[in-house]
Amino acid sequence: MHASEHPGRILRMALPSPLRRLFDYRVPESWSQATLVPGVRISVPFGNRTLIGLLVEQTDNSELAPEQLKTAIELIDSTPLLPDALLELCRWCADYYHHSLGDTLSVALPALLRQGHATSLAEPHWRCLQPLDDKLRQQLQRAPRQLQAMEELARHPKGVSQPLLASLGISTPTLKTLREKQLLVCEQREEPVHWPSPLLHEAPLPLNADQQGALDRIECDLDRFHCHLLQGVTGSGKTEVYLRCIEQVLLQGKQALVLVPEIGLTPQTLQRFRQRFNVPTAAMHSGLNDRERLKAWLDARSGRAGILIGTRSSLFTPLLRPGIIIVDEEHDASYKQQEGLRYNARDLAIYRAKLENIPIVLGSATPSLESLHNALQQRYSQLLLPQRAAASHPHYELIDLRGQPLVAGMTPALQGQVEQHLAQGNQVLLFLNRRGYAPTLLCHQCGWVAECRLCDSRMTLHRSPPHLHCHHCDSQAPVPFRCPQCQSEELYPVGQGTERSEEELQQRFPKRSILRIDRDSTRRKDAMGKLLKQIQRGEPAILLGTQMLAKGHHFPAVTLVAILDIDGGLFSTDFRGLERMGQLLLQVAGRAGRADRQGSVAIQTHNPEHPALLQLIHQGYEPFARTLLQERQLLGLPPFQYLVLLRGEAPAMALSQQLLADTRQAGEAQVQTAGLKVSLLGPIAAPMERRQGRYRSQLLLQSHSRRDLHQLLQVLVPVMEAHPLGRKVRWSVDVDPQEML
DNA sequence: AGCACGCCGACT
DNA sequence: GTCGGCGTGCTC
Ligand SMILES: [Zn+2]
Ligand SMILES: [Zn+2]
């Protein structure tokens with residue numbers, strides 16, 4: 001330890017680098033001490049480049065000798081970019097997921113701030129200085145562009161921002177000309193921070209008794225940390241409860257953070273919030289450009305926005321006066337990041353609520369087993385919304401596929417039902433979770449199947465346009481005309497994808513409109529909107545689609561939902577397979593039924609006796625989930641024990657196996673010496689050994705104790721970092737893994 | 001991760 | 001002779 005000659009003159013920085021440590025710098029002589037608070041951005045020399053990092057703390061001693069330290073370059077902020085709570089959240093997150101703090105902060109901050117952009121988005125505003133009278137019109141008669149600009153600005157005497165004017169086709173040179181004529185003035189302006197009143201734009205909907213009960217419970221702990229699990233079936237009015245909670249929070253002058261799944265942030269969702277409240281609602285989703293993202297972030301931080309709605313990474317957005325966090329569809333897998341910093345936004349949201357001492361509401365019709373377990377253990381309050389606001393519970397029916405002749409993947413019985421519902425003027429939704437034409441292309445003569453060059457998987461056959469496509473690595477290939485093995489021309493598609501079902505449905509129901517909704521049919525911009533519009537008209541139609549159809553959208557004219565093949569979900573290799581199946585099934589089923597009549601749900605299966613499936617449809621989600629919880633307990637799986645998955649992938653299997661085997665050995669030694677209660681399983685080859693040309697294997701750590709797991713990783717991560725194979729093998733630490741694949 | 005350095009094969 | 005492959009080391 002070296003003491004510096006000037007106390008407090010060493011800057012401990014988190015830098016955007018995967019290195020899991022902090023870096024010390026000297027303060028330039030010229031800087032004043034006063035403004036150096038943790039959380040400000042500072043640019044520093046790093047190797048032979050310059051990086052922008054965040055100040056973590058100031059100290060007067062360093063592991064390194066003073067002459068080994070470089071001097072910081074530039075102080076970018078006078079006030080911290082992130083408030084204490086957010087800094088603490090990022091520190092905790094980096095620690096819990098064993099990630100570098102600098103990289104964690106990079107995930108938390110909008111790209112423009114990482115690059116050093118200012119924390120204000122003041123825009124030039126133009127305002128007119130003279131009324132646009134006839135005399136002035138006369139003067140500008142021969143300058144139509146200038147006249148257009150004056151007309152626009154005369155309509156908005158308070159001024160209009162330059163980008164908005166540009167979008168109306170009014171160019172900056174035109175405006176500058178008018179300024180020279182003393183007709184306009186330009187000023188830098190930021191939007192006001194105060195909220196318009198009244199807060200409400202429209203009156204809230206009346207609540208039923210259950211909704212009121214849930215709201216009362218949440219309101220009674222509005223000023224402190226508490227976690228609520230709001231469990232309500234589709235159509236039970238969860239969103240209205242959210243809106244009423246938010247209203248209370250806004251009335252106290254505080255803000256709300258609403259997290260939604262990746263595909264949940266539809267224009268309709270946003271509209272619902274903006275229609276209810278006059279207070280600005282900021283949205284953050286993948287469709288924003290860097291500037292729009294920064295604007296939303298700054299609006300939340302400054303308190304300008306009363307509500308921030310966003311997907312996973314919005315969790316890291318600071319709020320000036322945090323009041324509540326809502327996690328909608330809390331069971332959704334998209335809350336877990338699947339690469340880099342593998343955080344779970346739902347779990348971090350709970351920790352954030354604790355830090356900020358505010359309530360959090362987890363909402364779902366089909367809660368994750370983790371959250372349900374916590375509610376059953378009384379760690380969360382469980383708020384039930386059992387009734388569907390309008391329609392009654394749908395009617396479920398299992399259809400045995402065994403030995404049945406199929407057309408478009410449907411048994412004769414199901415075809416009959418479809419016909420019947422269409423004839424009554426209703427819509428029918430067919431769910432098939434498989435894109436493309438067929439999952440396999442097979443040679444009838446020799447048994448050859450089209451496989452991916454880079455993965456241990458089969459290529460999916462697509463017809464429009466014709467090609468083979470690997471859904472695991474995105475590689476594509478032309479459809480062969482002859483079998484590459486035996487030259488036969490008898491190449492047959494095997495299995496049923498949405499494209500093929502669409503084709504067969506058109507033959508089976510030639511007079512009906514068939515609307516296919518999957519990633520391929522909605523790829524073009526606007527295509528989704530068009531399809532939704534057509535569905536919303538309510539004319540009889542068959543809607544055929546994948547997961548996309550199940551999430552977010554409501555189809556009031558649908559009275560029959562059919563799941564063409566549930567069996568894939570019943571026998572997944574992943575331990576969450578059944579949980580996922582149940583959640584997806586109920587989510588799809590929730591599309592059935594309208595206000596005035598009961599909906600039907602038909603489920604086709606080769607396993608009509610499957611106990612979990614029977615329990616789900618006869619007793620509902622919670623009994624089904626309780627059974628799964630018992631199984632998890634017996635098997636030592638989450639939420640009863642905790643898991644960490646160490647993954648490795650390399651150009652050869654031996655490399656990643658070796659790294660993980662050595663890691664395991666180091667782990668066993670540590671378990672011995674430190675007396676940790678952790679089991680190490682593996683390394684084993686991943687369920688799909690080769691993916692994108694890389695061989696993958698994994699080492700599983702399992703324990704009753706999060707503390708022991710954490711302590712073990714504290715040793716193992718440096719072992720992997722220092723291992724000579726740690727470079728050749730791409731490895732990652734996945735705490736609380738979502739998928740084992 | 002990024003970037004430099006350095007050591008070997010194969011090209012003008 | 002040098003151009004460039006990637007193994008190795010380092011980043012306050
Ligand atoms: Zn063949
Ligand atoms: Zn592939």
Side-chain angles (χ1 to χ4, degrees), chain A residues 1-31 33 36 38-76 87 90-91 93-95 97-109 111 113-116 313 337-343 646-652 654-656 658-659 662 692-695 716-734:
Chain A
M1 210 68 107
H2 301 262
S4 126
E5 53 276 43
H6 305 295
R9 295 252 98 185
I10 289 170
L11 306 171
R12 190 148 292 162
M13 302 285 299
L15 299 177
S17 148
L19 300 171
R20 292 166 170 87
R21 69 193 103 131
L22 301 173
F23 295 88
D24 295 345
Y25 289 88
R26 280 202 300 265
V27 180
E29 297 296 333
S30 56
W31 289 11
Q33 185 78 24
L36 289 177
V40 294
R41 285 174 297 173
I42 298 172
S43 63
V44 294
F46 189 72
N48 56 348
R49 54 209 171 115
T50 301
L51 295 180
I52 294 173
L54 247 65
L55 177 62
V56 171
E57 59 173 343
Q58 272 187 98
T59 57
D60 42 15
N61 50 57
S62 172
E63 307 269 307
L64 277 77
E67 61 272 18
Q68 288 178 279
L69 300 184
K70 293 184 184 175
T71 304
I73 300 171
E74 192 197 355
L75 178 62
I76 299 173
L87 282 174
C90 289
R91 258 195 295 261
C93 175
D95 186 54
Y97 292 105
H98 298 271
H99 207 73
S100 116
L101 177 57
D103 272 354
T104 303
L105 290 163
S106 292
V107 171
L109 294 173
L113 291 179
R114 291 198 301 265
Q115 294 156 25
S313 66
Q337 174 127 35
Q338 294 288 18
E339 58 184 45
L341 172 60
R342 294 169 174 260
Y343 67 101
L646 301 178
R647 304 167 202 266
E649 51 170 76
L655 296 173
S656 58
Q658 188 62 53
L659 174 66
D662 292 351
Q692 268 196 78
R694 302 181 69 88
Y695 291 85
L716 292 188
V717 169
V719 165
M720 296 177 89
E721 277 177 327
H723 197 288
L725 281 173
R727 308 186 137 248
K728 278 193 133 159
V729 181
R730 261 207 253 152
W731 56 273
S732 64
V733 183
D734 194 349

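These numbers come from the heavy atoms of this one structure, side chains and all, not from hydrogens, waters or symmetry mates. Computed from a prediction, not measured in an experiment: that's the story for all the values here.
For A:Arg21, the salt bridge (charged side-chain N to carboxylate O under 4.0 Å, His left out) test picks out no residue, with sequence neighbours left out. Here A:Gln692 pairs with nothing under the side-chain hydrogen bond (donor to acceptor under 3.5 Å, both in side chains) rule; sequence neighbours left out. A search for salt bridge (charged side-chain N to carboxylate O under 4.0 Å, His left out) contacts involving A:Glu721 returns A:Arg20, not counting sequence neighbours. With sequence neighbours left out, the salt bridge (charged side-chain N to carboxylate O under 4.0 Å, His left out) criterion links A:Arg114 to no other residue. For A:Pro651, the side-chain contact (heavy atoms from CB on, under 4.5 Å) test picks out A:Leu655, A:Arg694, with sequence neighbours left out. Scanning for salt bridge (charged side-chain N to carboxylate O under 4.0 Å, His left out) contacts around A:Arg91 gives A:Glu88, with sequence neighbours left out. Partners of A:His98 according to the ring-ring contact (aromatic ring centres under 6.0 Å, His included) rule, which considers only residues two or more places apart in sequence or in another chain, are A:His710.
Within the 4.0 angstrom heavy-atom criterion, base atoms lie near A:Phe46. Using a 4.0 Å heavy-atom criterion, one finds that A:Arg21 contacts the bases of the nucleic acid, with or without backbone contacts as well. Within 4.0 Å (heavy atoms only), A:Leu15 reaches no atom of the nucleic acid at all.
Protein chain A touches strand DNA chain C; the 5'-most and 3'-most nucleotides with an atom under 4.0 angstrom of its non-hydrogen atoms are C:dT8 to C:dC12. First and last contacting nucleotides of DNA chain B toward chain A (any atom under 4.0 angstrom from a heavy atom, 5' to 3' order): B:dA1 to B:dA4.
Side-chain contact between A:Val27 and A:Leu11 is present, with at least one heavy-atom pair separated by less than 4.5 Å.
Near DNA chain C, defined here as any heavy-atom distance below 4.0 Å, the residues from residues 720-730 of chain A are A:Arg727, listed numerically.
Sorted by first and then second residue, the ring-ring contact (aromatic ring centres under 6.0 Å, His included) pairs involving residues 49-72 of chain A (not counting sequence neighbours) form an empty list.
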Pair up each side-chain donor or acceptor in residues 42-50 of chain A with any protein partner under 3.5 Å, not counting sequence neighbours, and list the distances.
from	atom 1	to	atom 2	distance (Å)
A:Ser43	OG	A:Glu74	N	3.2

